[in-house]
Amino acid sequence: MIDVNTKGEVWVFAEQHNGELQDTPLELMSKARSLADTLGVKLAAVLLGFEVGELTTKLIHYGADKVYLVEDPLLGTYQTNSYAKVIVDLIHKHKPQIVLYGATIAGRDLAPRIASAAKAGLTADCTDLQIGDHKTVKDEKLHKNLLFQIRPAFGGNIIATIINLERWPQMATVREGVMPMPEPDVTRQGKIVTEKIKIAQEDLPLEILDEHQRPKKVDLKAARIIVAGGAGVGSKDNFRLIWDLANCLGAAPAASRAAIDLGFIDRDHQVGQTGTTVRPSLYIAVGISGAIQHQAGMSQSQKIIAINNDSDAPIFQVAHYKIIGDLNEVVPKMIRAIKEKSIKEENKQANQIKAVIARLAPASAGASSHPHKRV
Ligand SMILES: Cc1cc2nc3c(=O)[nH]c(=O)nc-3n(C[C@H](O)[C@H](O)[C@H](O)COP(=O)(O)OP(=O)(O)OC[C@H]3O[C@@H](n4cnc5c(N)ncnc54)[C@H](O)[C@@H]3O)c2cc1C
């Protein structure tokens with residue numbers, strides 16, 4: 001635990017693997033930037049690894065004023081103990097007021113270890129972060145400019161705001177895709193602070209022999225259009241409707257957790273609090289009730305179409321277009337309409353080409369039958 005330091009910086013753990021920065025810390029930079037601006041302090045990224053110095057520029061372009069860079073061959077591969085030791089030492093030296101981590105596999109492993117070693121508080125899986133004041137009931141003391149760590153609680157039935165009055169730094173993890181990725185500003189300038197922290201062999205209890213990564217079957221975050229099916233689709237066979245609609249729109253197929261638990265589609269396709277957070281241009285929710293945990297992952301979509309036979313389904317509260325009806329009738333009609341439209345467009349294009357050829361025909365006919373005659 002460090003003393004409450006209201007002048008302390010805001011930090012983001014700049015997670016990298018094999019010299020590549022992960023998306024989540026970059027997404028976090030925009031929120032961290034606005035927190036730092038509200039507090040009037042610097043935003044720093046904390047970058048650990050070996051021969052990763054060139055990533056510092058990218059972190060500055062994404063909003064960091066400063067990058068703390070710790071390079072060591074022993075930090076070449078992520079290990080809990082060595083990374084935690086370095087960050088705890090940096091926390092004790094520089095006394096930041098806020099430290100943020102992506103809720104990635106490494107972030108979820110590292111942040112609690114640091115919280116325990118530094119005796120600081122930590123809120124996992126935040127969906128929003130704000131700066132605000134809080135008056136304690138007991139002594140009516142006003143605590144200014146605290147980090148409000150906002151996340152679903154009690155199975156997602158309430159949204160809780162968690163504060164940490166004095167066990168500083170205030171720390172939180174934020175799930176992938178929750179914060180929008182900022183646009184890099186290549187004109188930004190920043191400072192690189194190189195730190196040397198001694199790492200001993202006992203800080204590396206594991207010997208990493210080999211690394212295997214299972215590639216994700218679908219990249220929902222990158223999809224422009226998503227067609228998601230829920231338990232209302234009824235069966236894995238009937239889920240073919242979702243694949244068909246997705247195919248004719250060039251969309252990614254996705255699902256609610258209930259549909260995944262029922263085995264309709266693979267878990268990589270799950271949208272929601274414990275799945276992927278998406279914000280596509282168009283999200284079509286088919287046979288999905290719209291539980292708060294599902295909405296947590298899709299309500300930021302630019303346009304939402306919901307198809308449900310229950311007019312009171314909560315999904316309609318966030319939908320821009322509501323189709324109340326049986327998905328088994330609505331979806332095939334949509335597929336037919338889209339296919340007919342593309343056939344009509346193809347015909348229209350073919351007719352336009354024919355018309356152009358018809359206009360050129362006398363000339364080309366003349367040219368071929370009278371090769372020396374110019375029209
Ligand atoms: C800690 C926690 C985390 C969770 N994380 C997630 C998460 O990440 N993502 C997620 O999705 N859920 C998550 N859940 C589960 C969530 O609470 C819901 O149970 C789940 O989203 C429900 O899925 P669903 O809407 O497909 O199913 P249901 O709630 O069963 O809804 C099915 C819908 O289909 C409609 N329907 C039925 N037949 C038809 C038909 N023929 N035509 C049209 N409509 C029809 C029904 O009216 C109903 O609205 C989580 C829960 C907890 C406790």
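Indexing begins at 1, ligand by ligand and atom by atom, following the structure's order. Note that the structure is a prediction, hence the values are computed from the model and not measured.
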Requested in this report: Would you kindly confirm whether Ile163 and Leu147 end up in one hydrophobic cluster when ILVMFWY residues are joined by side chain heavy atoms under 4.5 Å apart?
Outcome: no
Requested in this report: For ligand 1, note which part of Ala231 has a heavy atom under 4.0 Å away: side chain, backbone, both or neither.
Outcome: both
Report task. Show your reasoning for whether salt bridge (Lys or Arg N to Asp or Glu O under 4.0 Å) applies to Arg188 and Asp65. Result -> CA-CA 9 Å; Arg188 275 186 61 82; Asp65 299 308; 3.3 Å; yes
Query raised in the report: Would a 4.0 Å cut-off, counted as strictly less than, catch a protein heavy atom around atom 44 (N) of ligand 1?
Result: yes
**Report entry** Path from Val70 to Ile91 over hydrophobic side-chain contacts below 4.5 Å
**Finding:** yes
Query raised in the report: Does Leu75 belong to the same Ile/Leu/Val/Met/Phe/Trp/Tyr cluster as Val52, with side-chain heavy atoms less than 4.5 Å apart forming each link?
Result: no
Query raised in the report: What residues form a ring pair (Phe, Tyr, Trp, His ring centres under 6.0 Å) with Tyr83, not counting sequence neighbours?
Result: Tyr78
Query raised in the report: Are any of the N or O atoms of Gly287 closer than 3.5 Å to those of ligand 1?
Result: yes
Report summary line: Check: of Gly272, Ser289, Ser311, min heavy-atom distance to atom 31 (O) of ligand 1 comes from Ser289
Query raised in the report: Where is the nearest protein heavy atom to atom 3 (C) of ligand 1: which residue, which atom, and how far?
Result: Arg257 NH1, 3.4 Å
Report task. Look at atom CG of Leu165 and say whether more than 12 heavy atoms of other residues, nucleotides or ligands are closer to it than 6.0 Å. Result -> yes
Report task. Report, in ascending order of atom number, the atoms of ligand 1 lying under 4.0 Å from any heavy atom of Asp326. Result -> 40 (C), 41 (N), 42 (N)
Report task. Using a strict 4.0 Å cut-off to heavy atoms of Gly230, name the atoms of ligand 1 that fall inside it. Result -> 26 (O)
Query raised in the report: Hey, is the main chain of Ala124 close enough, under 3.5 Å, to the side chain of Arg151 for a donor-acceptor pair?
Result: yes
Requested in this report: Output the list of atoms in ligand 1 that are nearer than 4.0 Å to some heavy atom of Gly325, sorted by atom number.
Outcome: 42 (N), 43 (C)
**Report entry** Shortest protein heavy-atom distance from atom 38 (N) of ligand 1, along with the residue and atom involved
**Finding:** Gly232 O, 3.5 Å
Query raised in the report: In the protein, which heavy atom is nearest to atom 49 (O) of ligand 1, and how far is it?
Result: Asn308 ND2, 2.9 Å
Report summary line: Numbered in order shown, the ligand 1 atoms found under 4.0 Å of a heavy atom of Ala291 are 16 (C), 17 (O), 18 (C), 21 (O)
Query - Short N or O distance, Leu327 and ligand 1, threshold 3.5 Å exclusive - result: yes
Query - Basic-acidic side-chain contact under 4.0 Å: Asp268, Lys217 - result: no
Query - Per-atom contacts of ligand 1 with Gly275, taking only distances under 4.0 Å to non-hydrogen atoms - result: 8 (O)
Query raised in the report: Quick one: which ligand 1 atoms are inside 4.0 Å of a heavy atom on Thr274?
Result: 3 (C), 4 (C), 5 (N), 6 (C), 7 (C), 8 (O)
Requested in this report: Would you mind running through ligand 1 and noting each atom that sits below 4.0 Å from a heavy atom of Ser256?
Outcome: 11 (O), 23 (O), 24 (P), 26 (O)
Query - Selection from Gln270, His294, Gln273, Gln293 by shortest heavy-atom distance to atom 52 (C) of ligand 1 - result: Gln293
**Report entry** Check: Arg267 side chain, Gly275 main-chain N or O, donor-acceptor pair, under 3.5 Å
**Finding:** no
Report task. Please report which non-hydrogen protein atom sits nearest to atom 22 (C) of ligand 1, along with the residue it belongs to and the distance in Å to one decimal place. Result -> Ala258 CB, 3.8 Å
Report task. With Trp11 as reference, evaluate Tyr101, Trp168, Tyr68 under the ring pair (Phe, Tyr, Trp, His ring centres under 6.0 Å) test and give the passing residue. Result -> Tyr68
**Report entry** Atoms in ligand 1 with a heavy atom of Val271 nearer than 4.0 Å
**Finding:** 7 (C), 8 (O), 9 (N), 10 (C), 11 (O)
Query raised in the report: If you measure from each heavy atom of Gly297 to ligand 1, is any distance below 4.0 Å?
Result: no
**Report entry** side-chain contact (heavy atoms from CB on, under 4.5 Å) assessment of Asn164 paired with Ile162
**Finding:** CA-CA 7 Å; Asn164 169 5; Ile162 296 162; over 6 Å; no
Report summary line: Among non-hydrogen protein atoms, atom 40 (C) of ligand 1 lies closest to Asn309 ND2, 3.3 Å
Query raised in the report: Can you list every side chain to side chain donor-acceptor pair (under 3.5 Å) pair that touches residues 34-58, not counting sequence neighbours?
Result: Arg33-Asp37
